[in-house]
Structures are given as C-alpha cells and as structure tokens.
Enquirer: 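Below: one structure in structure tokens.
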Amino acid sequence: MNIWQRLAGLHRQWIFILVWIAVIFPLIVPATFEISTTPEVKALYDAVEALPDSSVVMLTFDLYPNALAETEPMTRAALHHLFRNNHKVVTVTTIPLGGPSVAERVTRELAAEYGKVYGTDFVNLGYKPNYVSVLKGMGSSIESIYPADNSGTPLGRLPLMTTVKNYADIAFIFVVTDNGIIDFWISIVNAQFGKPVGAGVTSVMAPKQYAYIGSGQLTGMLGGMKGAAEYEQLVGKPALAVTGMGIQSLVHFLLIGLIVVGNLGFFMNRRSQAKKGGGA
Amino acid sequence: MEIFQIWVMAFFTLAIFSFLYADNPVFKFAEHIFAGITAGYYVALYLDTVVKQQLWQPLTQDFNSNWLLIFPGILGLLMFARLYPRFSWLARIGLAFVMGTTAGVFLMSELHGNVLGQMAGTMQIQQTGGEPNYVLTILIIIGLISTLIYFYFSKEHVGALGATAKLGIWFIMISFGAHFGYTVMARISLLIGRVYFLWTDWIGSFIT
Amino acid sequence: MPHIKRISQSVFFVLTFAFILFSACPTGAQEETPAVAEVSQKLFRADRTNVLIFSLIFAGVILTYTKLAKKGKPLFIRKIAGLDALEEAVGRATEMGKPVLFIPGLQELDEMETIAGISILGRVAKITAQYDTPLMVPVRYPLVLAAGQEAVEQAYIQAGKRDSYNKDCVRYVAGEQMAFAASVNGLMMRERPAANIFMGAFFAESLLLAETGNAAGSIQIAGTARPEQIPFFIAACDYTLMGEELYAASAYLSHEPLLLGGLKGQDLIKVIIIVALVVGMVLILTGNGTRYVELFIPK
Amino acid sequence: MRTLLPLAIAFISGLIMVIAFFINPEQKTVGTISQDLLIWSSIIGGFTFLLGAISITRVNWKQVSMRKPGWGYNLLTVLAVFVMAVPALWPAAWLPSGWERLAGRNAGSIYDWLFLYTATPMSQTMFAILAFYIASAAYRAFRARSTEATLLLLTASMVMLWRVPMGEAFLLFISPDLPGVINTYIMGGISLSVQRGIIIGAALGAATMSLRILLGIERTYMGRS
C-alpha cells in the first residue's frame, strides 16, 4: 500500500476524526469574520422594512427540531425585526413535531423582550394537519381551520384574530422552513391568493428557491446559516449564526482538501497501474 | 434548564454520535427509545388534533350542522379492517378517498403552479442588478431545454438529440455540484449546534 | 400501424398550433358567444382558461397514448441505466441469500413520489417472491404501511407464493424522520442487506441512509424526484434515478402498455413545452411577447 | 364490487377537486365541498396513526414474546410508545390534584418533557452526523473519473469556497467578479435552469400519476386483485 493508495483510500473513521478536530478547534480559539450581504437577503430585509406600520405579518414555523440550528436563528432575527417595526405577528406551523412548541417558546421569549402582549400583538395558531387544506382554507377563513389557538383559546377571545379573518388582512407571509412546504406556500398562497411570500430556508433547499426568486413568486430568501448570519447583521442582532461562521470556514476548507487529496491519490494510482500494465 | 435535563440531553446526544464509531448497545438503546417515543408522539398528536378536535367535538357539540362528518369517521374506522384479512378490502374505500382527493389537488397544482409557473418564469428577460442580462436569459433557456431533452424517453440518445442530452447531463452535474457545495454549510451548522450544546451547556455545567 | 403514429402526432401539432394561434387573439373567442360568457363569468374562473386548455391537451395526449398502447401499438422506451441494475441487484441478493431492503420514501401516501415507490415495490416484491429472498420494507406512515402491504401481498399472490408472504416484512418503524433514519441505520448494520433500494420522496436523511448502506457494503439504487436530494444519492449510491425517471421506472419495469403509454404521452407534452418555450423566447427577444407570456402566468 | 367501489370513490372525489380548481372562490357550493373533502381526508389519515402504533407494537412485541436475541430493546420501543401516548391522551380530571400538568400535550406534560429532552436532541444529533457523512461521501465519490464527475466536483468545491468568508476572499483574489459569476451564472443560471427542468419533468410525471389514479389505471396502492 504505497502512500498514494493510502491517500486515495482513507478509512471513513479518519475523516470523521478530522471533522471533529475542525469543529472543536475554533471553539477553543474563537475567530469571527465580516459577512457580505447577498441580494436575496437584502430583498427580504427591504420587503419587511417597506411594510406599512403595525400591519399583520404571518410568520410560519414549518420546521422540525433537528434543523433548529439553522432555522431558529432565522425565526429569532425575524421576530426582532417584526417586533422592532411593531408589526402584529400571527405564527402558524404545518409541522406537528416541534413546530408548535418552538413557535410558542421563541415568540414568547422575544415578545417579553419587546413588551408585546399575547392576543393583541401576537398569536400562535399552532398546528393543524393536511397542509393543503390549511393553506387553502386560510384564504377564505382562518377560523374555519383554526377554531382555537395553540393553547386552546377560541379565536373570538383574541382581539388580534377578530381583525384578521384571512389572507386579505395579512400584509406579508414570512415562511421559515426546513422542508418542501415552501413550494405550497408559493404554488397555493402566492399563486392563488397573490400574497407576497418571503422565506428563510435551510441551506439544502436554497438553490431550488432561486427558480422562484427568478420568477418573482418569492420576495427574497435567507439561505442557510450564512443567510441567517447576514440577516442577523442587517437586523443588528448578531448571534449564534455569526459566531458559527468561523467553524464553517475551517470545515469547508477541510472538505476541499479531502477532495484534492482523494483525487491526487486516484490519479497517481491510475498512473502507476498504467505504468505497471504498460511495463509488463 | 435544570442540570438533570442537560445530562439527559447530553446522554442521548452522545449515544447517537457513538454510531459514528460503530453500531453499539448504547446506540441501540437510544434508537429503540427514539422510535417508540416519536411513534407515540404522532399517535397522541393525531388522535387529539384530528380525531378529537376535527371529528368528535364537532359531532358531539353541534350534530345537525356537522352530521356529514360521520362519513370520514366511518371511512377512518374502516381502515382498521386491515387487521382482519377477510375484511381488508373495506379499508380500500378510505384509501381510495384519500388518494382520489389528493390526486385531484396534485393534478391541478402540478400543472398550474409548477409547469406553467416555471415556463412563465423562464420566458422573460432575466435582470441582474436591474439591467437586462441576455446572456443569462439564453443560458437558462438552453439549460432548461437540454435538461428536458436529457429526460426524453421515446428516442435513443443519438445524433443531435444525443448531443443535447450530453449538454443536459453536463448542466445537471454542474447544478448538482453547486447544490452539494451549498448544502455543506447546512450540515455543519447543525453539527455546530450540537457541539455548542455539549461544550457550553453540558461541559460548562460541571466546569464552572 | 405507422400511419396511426403520424396521424396522432399531426393532430397534436395542430392542437399546439391552435393553442398558439388562440393566444394571438384571446379576447376574440369570448365575444362571439356572449350567452356562454355571462354564465361562465359567474361560475368559471376565466383567469384560469390557460390552465384548462393546457390540462385538456395534457389529458388528451396522455389518454390517447394510453389507448394506443392498450391496442398493442409497439412503444419504444430507451434503456434507463438504473433500472437494469435494480433487477441485477435483487438477483445478487438472491444468490447471496441476504435480504433486500426497500424504502418507498418518507412521505405520506398522498405524495405522488410515494405512489411511484409503492408501484416499484410491487415489481421488486414479485422478483423476491420468486426466489424467496427475504424482503424488508420499513415505512414511516400508516397509510404507506397499508398500501405497501397490499402491493407486496399482490406480488406474492401473482408469483404463486401466497403462503410465504409475511405481513410484517412491511413494517411501521417510527413516526419522525430522524427516528426512522436511526432505526433503519441500525437495521442496515445488523442485517447487512445485499441490496438497498430507495424509491420515493426523501429529505435530509437521504445521505444518512445511503452512506450507512455504503458502510454496510450493500449495492444501492435510489430514485427521487426532489432535486435537492439527488446529489447526495449520486455521491453515495451505485445508481440514481433522477427526477421523472422515478415515475418512468414503474412503467418501465412493468412493461405494461397502459403505463408505457403515459410515458410516451409525457414525452410529447415535453416537445410541446419546448416548442412553446422556443416560440416564447423568440417573441420575447424580438420585443413583442408580453401577451404570449401572459397566457402562461398562473393566477 | 371490491375494486369498483373504491375506484368510483377515487374518481368522484378527484373530479370534485379538479372542478373546484376552476370554480370562482365566492361560489359557495363546490368551493366548500372541496374544502370538506380535504378535511375529511385528514380525518381518515388521523385514524390510521392508531394503525401505525398497533403495527410498531405488534412487530416489536412478537420479538419480545419469542425471546428473539435483543428482545430487551424491542420491549423498550413498546414501552416508549405507551409512556408517550397514554399520558398525552389521559384526561387531566382523572389525575390527583397537583398532577394535572403531567397529562395532555402542553408544556410541563410528560409528552412535552420526553419530546424536548430525548427526541429533540436525538434528531438534532442525527442531523449533525450528516456533517461527517457529507465529508466521507465527498471524499470517496468526488473523483475525476469522467467529464460529468469532474464538473460535479469542480462546481462543488468552487461553491464551497464561495459560501465561506475566507473562501470568498480567496475567489475575489483570483478575479474580483468571480463570486458574482458564481451567484448569477451558476446558482441563478445553470442551477436554476436545471432545477426548472427537473421541476417541470417531475410535475409532468406527478400529473400523469394523478391522472392514472383518478381514472383507476394506477391501483397498486390498493392491491390489484
């Protein structure tokens, strides 16, 4: 096993150890970087800034617990932005597992920071199954889909919900999600009800959304942790996303190094075999 | 968060991470609990939010305006016919209803939102920084057509068709490479979240 | 027989031509029949005429090709690399007497990718039934459990192996996406299946399943219509069906004329779409395409 | 009868949804009917989750009762299903005073505690494992074996560089408008057009599958007997 064969055939455990080192090392020696803003993030920030004062914004928590490291910073930055510009916030989720409890926890924590009152300034409608009927139903009447909010209080007793009947009373829909539900917010709510939709999505989904930004069906997008970090900077509340970028850079370079090393070993092997084959 | 919760979370985090080394009893322990808890979670959630709130309460509280809900109730109960081979065909009615409704919705939303929507989005001069960008417009239309041709099944990919399909697979591979690179960040940020928890909350709790 | 092919193709080019002509004078058509216009105004969403026309063309083409196929017209479909590997992989599993693991995706039954996965499961189960190869089908939703059991049971009956059909080979493993991935990863490392087949809607767990399967040394064939997950399957699996190849797979494997007809119909729709796109681009680049594009915008 | 009735139901319910798509929303009749059908199908879906619990319990209990090797783990799964589901459905009234909070699904219940402190960290850690797997998959698979594979790994490496500040600085060093080219022509051009191609192709595939289900041509989901 010469050096090249070993380089081309590293066992997966070695790679895992290298990734561990690349993640833990910057924690011991923290270093942060200046982050440039991409047009999609600026477009979403400007769209929210341009909303009329104290208009109602629907913020969705269509997210599972496992992607919280990417999606939670987005929901926090969005709530900072919305509460600071004193918009009314209605939160909903189409994900049963995690959506309702994360929405409840994060919204109440940040509402306290801005002195917002539940029922008048913000309401959490929680989860109802069958996202197609939920998204379509809220176009005609929110109450038909959500007779009560996430903690069971009937909508009639919430002052904010007496003024918000359906999408017509909502100025902007800010979707934060880690799954394909964004396609339906666009193909049902934006396409069929003409509501502007902006989205914070995980990194894996971001490329697909370029198709929707290009066709104007999506007004701006936060792509993954980098998008969250840019938005945090724009809103003026740098948090976990910004500090994480140092680790990101190191691991990205490790990956590129691994690809180079793998290919180097691969080529040298092929050459030595060709030589051996040719020689015999 | 109290110390006990942090230790429970840290235990399950490390139990799942141990699978990286190899399948081991601690991982097996965590995995089997994980499967049971999430199955139980969904059962409780759907029985409460759907069967109770969307069926039982409307039927019991205000029968005459919701009596129609008996039908989905029956079809739902018929699903249990699956447990008895002789009657399992009864479950097909509920299955067919769900499938029919969904097929009707998807037939339209796929053609309307996805096919026409994407076509409309392509047939416009692309803008970059407010300026019309003709190179980009041509690039997109070539990429789209060559991708569609790559997935063309009715003819062998030879001659002109083969060349377009070849261009198509090159475009596809560039797109997948871009997508793979774009996603690396997402995966690492989730690892950062876990390591951050172990480092600050867990280890932090018994060092300070 | 060839003349039928030529007639059907000319009919549809006339249809597309009419479709393009119709776009040139959209208002004209409505004025001629005022009576109909009033009634339809109230009931019918005039702004969705474009979707109606497109759907009629779509359904017309698909059903015509299906009928042609039913009448036994020979339908040529090019080879799809991943699919021959599918039969080969199951064959290899039989030789080694090791199980085949099949996952029909992680979405509820009301997703078309899951239905494509279930119909491919039906074809794979027919092969495993013939050779009595153990088959494991972990699923994540109860409706998929019901549909999966039906599909596998039918396959075993049609292969004349009703008695060796074990209801628990299709099993509900867990509710949540990652709990499902953890259980299946454990299953892969313990059972070491010879072949892993992933057909349906997958999300972030695609790489978790495929990379563990690679570590367990199984042949892996995957198929999903979700563009975001295809790169990970390509990196970790031996063969990957991309996008609509997943839907073509069930038709291809079954060699059933009805399903092949639909596939040919889709190809013709693709040609119509490309023609419409090229016409659109020419009109746009020459500056007078706005009314034409207006025709396609979903409202 | 056994197959005709379900097929008729599938056709009718599907047709109503298709018609509802073309009817003006203010039109009460078909609009509400289609809305009801969607709620009905979620109700049917809700029932089947009990079927799911029955299946997971039966499969695991079979292992326990036959004392198959490792049956202890299967017992854990069965217990976990009940420990999670039963308290959540237990009416608070039946509990001694002061213990009500443990029932139900809100904050403070056993259901919520188990979800927050066992299920959530485990699913977050499974996601975190992806960072290791993406490294090992990239290292093993991204080899310049063919033109396609080379295009795949070159674009992946370039986009990885572009996504991180240090990398972007390196690209800017090579040529000032390289990051712009990646963003506009690779992400917003090639990647966008391929996404559109796959979206359109997959949409046609899904629409054909929907049409087959509506017309009863595609029946594998309910067994073809």
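Lettering of chains follows the sequences in order, A, B, ..., and the numbering in each one begins at 1.
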Enquirer: Is chain D contacted by the side chain of W170(B), its backbone, both, or neither, given a heavy-atom distance below 4.5 Å?
Expert: both
Enquirer: Is there side-chain contact between L20(B) and Y133(D), with at least one heavy-atom pair below 4.5 Å?
Expert: yes
Enquirer: Under 4.5 Å between any side-chain heavy atoms of Q124(D) and L190(B), yes or no?
Expert: no
Enquirer: Report the option among T57(D), I198(D), L7(D) that has the most heavy-atom pairs separated by less than 4.5 Å from atoms of chain B.
Expert: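 Highest number of pairs under 4.5 Å: I198(D).
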Enquirer: Heavy-atom pairs under 4.5 Å with chain B are the metric here; pick the option from G197(D), P6(D), A203(D), A85(D) that has the most.
Expert: A203(D)
Enquirer: What part of I186(D) is in contact with chain B, defined as an atom under 4.5 angstrom from a non-hydrogen atom: side chain, backbone, both or neither?
Expert: side chain
Enquirer: Distance check, rounded to the nearest 0.5 Å: I74(B) atom CD1 versus F47(D) atom CZ?
Expert: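 If we round to the nearest 0.5 Å, I74(B):CD1 and F47(D):CZ are 10.0 Å apart.
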Enquirer: Is I190(D) close to chain B through its backbone or its side chain, or both, or neither, when contacts mean heavy atoms under 4.5 Å?
Expert: both
Enquirer: How close do V50(B) and S42(D) get, counting heavy atoms only, and between which atoms?
Expert: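 Where V50(B) meets S42(D) most closely, the heavy atoms are CG1-O, 3.4 Å.
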Enquirer: What part of F4(B) is in contact with chain D, defined as an atom under 4.5 angstrom from a non-hydrogen atom: side chain, backbone, both or neither?
Expert: side chain
Enquirer: Where do L151(D) and F171(B) land on the side chain to side chain contact (heavy atoms under 4.5 Å, CB included) test, with the steps shown first?
Expert: CA-CA 9 Å; L151(D) 287 173; F171(B) 265 80; over 6 Å; no
Enquirer: How long is the straight-line distance from CD1 of I43(D) back to CD of Q53(B), given to the nearest 0.5 Å?
Expert: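 Result: 11.5 Å between the selected atoms.
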Enquirer: Please tell me if the side chains of F29(B) and L76(D) come closer than 4.5 Å, counting only heavy atoms from C-beta onward.
Expert: yes
Enquirer: Checking S109(B) against F21(D) for the side chain to side chain contact (heavy atoms under 4.5 Å, CB included) test, could you report, in this order, the C-alpha distance in whole Å, the side-chain angles of both residues, the deciding distance, and whether it holds?
Expert: CA-CA 9 Å; S109(B) 69; F21(D) 179 82; 5.9 Å; no
Enquirer: So which residue, F106(B), F97(B), F11(B), ends up with the most heavy-atom pairs under 4.5 Å with chain D?
Expert: F97(B)
Enquirer: Please answer whether the main-chain N or O of A178(B) pairs with a side-chain N or O of T155(D) as donor and acceptor at a distance below 3.5 Å.
Expert: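 No, the answer is negative, given that no donor and acceptor are paired below the 3.5 Å cut-off.
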Enquirer: Which heavy atom in F34(B) sits nearest to a heavy atom in M126(D), and how many Å separate them?
Expert: CE2-CG, 4.3 Å
Enquirer: I'd like to know which of L95(B), L14(B), I174(B) tops the heavy-atom pair count under 4.5 Å against chain D.
Expert: I174(B)
Enquirer: So, the side chain of Y185(D) versus the backbone of L136(B): is there a donor-acceptor pair under 3.5 Å, distance only?
Expert: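 Looks like no, no N/O pair under 3.5 Å.
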Enquirer: Between L153(D), L214(D), T118(D), which residue shows the highest count of heavy-atom pairs closer than 4.5 Å to chain B?
Expert: T118(D)
Enquirer: Could you look at M185(B) and say if it's the side chain, the backbone, both or neither that has a heavy atom under 4.5 Å from chain D?
Expert: side chain
Enquirer: Indicate the atoms forming the closest heavy-atom contact of A39(B) with I56(D), along with that distance.
Expert: CB-CD1, 3.8 Å
Enquirer: So what's closer than 4.5 Å to chain D heavy atoms on T147(B): side chain, backbone, both or neither?
Expert: side chain
Enquirer: For the residue pair V43(B) and F49(D), what are the closest heavy atoms and their distance?
Expert: CG2-O, 3.4 Å
Enquirer: Which bit of F19(B) is near chain D, if near means a heavy-atom gap under 4.5 Å: side chain, backbone, both or neither?
Expert: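 Side chain of F19(B) only, per the 4.5 Å heavy-atom cut-off to chain D.
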Enquirer: Select, from K166(B), M119(B), H112(B), K52(B), the one with the greatest count of heavy-atom pairs under 4.5 Å involving chain D.
Expert: H112(B)
Enquirer: Would you check, one step at a time, whether the test side chain to side chain contact (heavy atoms under 4.5 Å, CB included) holds for H179(B) with Q195(D)?
Expert: CA-CA 10 Å; H179(B) 188 80; Q195(D) 301 278 356; 4.1 Å; yes
Enquirer: Can you check side chain to side chain contact (heavy atoms under 4.5 Å, CB included) on W113(D) and V8(B), steps first, answer last?
Expert: CA-CA 11 Å; W113(D) 195 92; V8(B) 167; 4.2 Å; yes
Enquirer: Just verifying a value: how many Å separate I141(B) CD1 and R196(D) CZ, rounded to the nearest 0.5 Å?
Expert: 9.5 Å
Enquirer: Less than 4.5 Å to any heavy atom of chain B: does that hold for the side chain of T48(D), its backbone, both, or neither?
Expert: side chain
Enquirer: How are the rings of F17(B) and F132(D) set relative to one another: parallel (under 30°), tilted (30 to 60°) or perpendicular (over 60°)?
Expert: perpendicular
Enquirer: Looking at OG1 of T101(B) and CH2 of W40(D), how far apart are the two atoms once the value is rounded to the nearest 0.5 Å?
Expert: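 Between T101(B) OG1 and W40(D) CH2, I get 10.0 Å after rounding to 0.5 Å.
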Enquirer: Under a 4.5 Å cutoff for heavy-atom pairs, which residue among M160(D), R212(D), R163(D), M17(D) has the most contacts with chain B?
Expert: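 Maximum pair count with chain B is reached by R163(D).
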Enquirer: Considering only heavy atoms and a distance below 4.5 Å, find which of L111(B), T122(B), L90(B), T183(B) pairs most often with chain D.
Expert: T122(B)
Enquirer: Side-chain contact test, heavy atoms from C-beta onward, threshold under 4.5 Å: evaluate it for L192(D) versus Q126(B) and give yes or no.
Expert: no
Enquirer: Between L51(D) and chain B, which part of the residue has a heavy atom less than 4.5 Å away: side chain, backbone, both or neither?
Expert: both
Enquirer: Go through A8(D), S55(D), A80(D), A53(D) and name the one with the most non-hydrogen pairs under 4.5 angstrom from chain B.
Expert: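 Highest number of pairs under 4.5 Å: A80(D).
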Enquirer: Would S210(D) and E110(B) count as a side chain to side chain donor-acceptor pair (under 3.5 Å) here? Give the steps.
Expert: CA-CA 10 Å; S210(D) 308; E110(B) 292 290 337; over 6 Å; no
Enquirer: Rounded to the nearest 0.5 Å, what's the gap from CZ on F22(D) to CE on M108(B)? Could you check?
Expert: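 Nearest 0.5 Å value for the CZ-CE distance: 4.5 Å.
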Enquirer: What distance do F151(B) atom CZ and L204(D) atom CG have between them, rounded to the nearest 0.5 Å?
Expert: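 Taking CZ in F151(B) and CG in L204(D), the distance rounds to 12.0 Å.
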Enquirer: Which of the residues G117(B), A15(B), A44(B) is involved in the greatest number of heavy-atom pairs with chain D at under 4.5 angstrom?
Expert: A44(B)
Enquirer: Can you name the closest pair of heavy atoms from P121(D) and T13(B) and give their distance?
Expert: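 So the two residues come closest at CB-OG1, 3.8 Å.
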Enquirer: Do Y117(D) and F12(B) come within less than 4.5 Å of each other through their side chains, counting heavy atoms only?
Expert: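 Y117(D) does not reach F12(B) side chain to side chain.
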Enquirer: Of the listed residues (A91(B), G168(B), G143(B), G76(B)), which shares the most heavy-atom pairs with chain D below a 4.5 Å separation?
Expert: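 Going by pairs under 4.5 Å, I would pick G76(B).
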Enquirer: Check each atom of D36(D) against the heavy atoms of chain B and say whether the ones under 4.5 Å are side chain, backbone, both or neither.
Expert: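 Nothing of D36(D), per the 4.5 Å heavy-atom cut-off to chain B.
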Enquirer: Between L50(D) and F80(B), is there a side-chain heavy-atom distance shorter than 4.5 Å?
Expert: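 They are in side-chain contact.
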